[in-house]
Amino acid sequence: MVKVHHLDYSRSTRILWLLEELGEPYEMATYHRDPKSFRAPPELKQAHPLGKSPVIEHNGAVIAESGAILEYLAAKLGGGRLGRSPADADWAEYLEWLHAGEGTAMMGVIMLMMAGGGDTPSRGRAYGLEIVDGAMAEIEAKLDGRDYLLASGFSAADIQFGYVVAVADQFGAVGARPRLRAWLARVTVRPAYLAAIEKGGPWLLPIAR
Ligand SMILES: N[C@@H](CCC(=O)N[C@@H](CS)C(=O)NCC(=O)O)C(=O)O
């Protein structure tokens, strides 16, 4: 059985969401953030030396990085559902979304987070906004005529970007973008998302921008 090292208010909800979509049983070890610093507790380093969440254990493998975990679980347990393979026409597009979520978009979101609240201009905030705005604009354009990031249907890429867009929205970086907002509403009413939130708690940190 898959064991998920889950940190509250975090990306590891992505993994719970995917497992709920797949109907796979899993066990959770839940870690709580420090109420002041919001950092993960040191015990998480016993699961993986980076001390970040998510981490999973499955068949003796210990895997960190949410994109890698989504890809692994979709391939290993999904039986073709939620992932894409080299035989699929949109495999390259799938991989791009999966990696862009953390590799580019989330980097910009973290810059906004680190720049802190208020409207004080800073190079970090400006660059973060540029990155996030570029990502949001790309999704808005892609969603023209399709309900999910891939034309072939809902996939782990939607799960990966669901978290990015939700956090970006917390920092006021989503904009009006009607297709993007409709997509976020569409994916976050899925029963599997709701079950993940029920079991793991809210995925957004209770912070004001
Ligand atoms: N790129 C990694 C990021 C992992 C990460 O930074 N996780 C956050 C939770 S959302 C964390 O563990 N933060 C706690 C800390 O840094 O103290 C992934 O996608 O899994």
Quick one: side chains of residues 101-114, donor-acceptor pairs under 3.5 Å with protein atoms, not counting sequence neighbours, listed by atom name and distance.
from   : atom 1 : to    : atom 2 : distance (Å)
Glu102 : OE1    : Arg11 : NE     : 3.2
Glu102 : OE1    : Arg11 : NH2    : 3.4
Glu102 : OE2    : Arg11 : NE     : 2.9
Glu102 : OE2    : Arg14 : NH1    : 2.8
Glu102 : OE2    : Arg14 : NH2    : 3.2

Salt bridge (charged side-chain N to carboxylate O under 4.0 Å, His left out) contacts touching residues 21-33 (sequence neighbours left out): Glu21-Arg190
Pairs touching residues 42-57 that satisfy salt bridge (charged side-chain N to carboxylate O under 4.0 Å, His left out), sequence neighbours left out: none
Residues that Lys142 engages under salt bridge (Lys or Arg N to Asp or Glu O under 4.0 Å), provided they are two or more places apart: Glu93
[X]: what forms a side chain to side chain contact (heavy atoms under 4.5 Å, CB included) with it, not counting sequence neighbours?
| X | answer |
| --- | --- |
| Glu138 | Glu96, Trp97 |
| Arg181 | Asp169, Val174 |
| Asp34 | Lys36, Ser37 |
| Glu198 | none |

Any pair counted as ring-ring contact (aromatic ring centres under 6.0 Å, His included), so long as it reaches residues 128-148, sequence neighbours left out: Tyr148-Phe154
Check: Trp183 and Val165 side chains under 4.5 Å, non-hydrogen atoms: yes
With sequence neighbours excluded, residues passing side-chain hydrogen bond (donor to acceptor under 3.5 Å, both in side chains) with Lys199: Glu20
Listed partners of Tyr72 passing ring pair (Phe, Tyr, Trp, His ring centres under 6.0 Å), at least two apart: His58
Other ILVMFWY residues reachable from Leu44 by side-chain steps of under 4.5 Å: Leu7, Tyr31
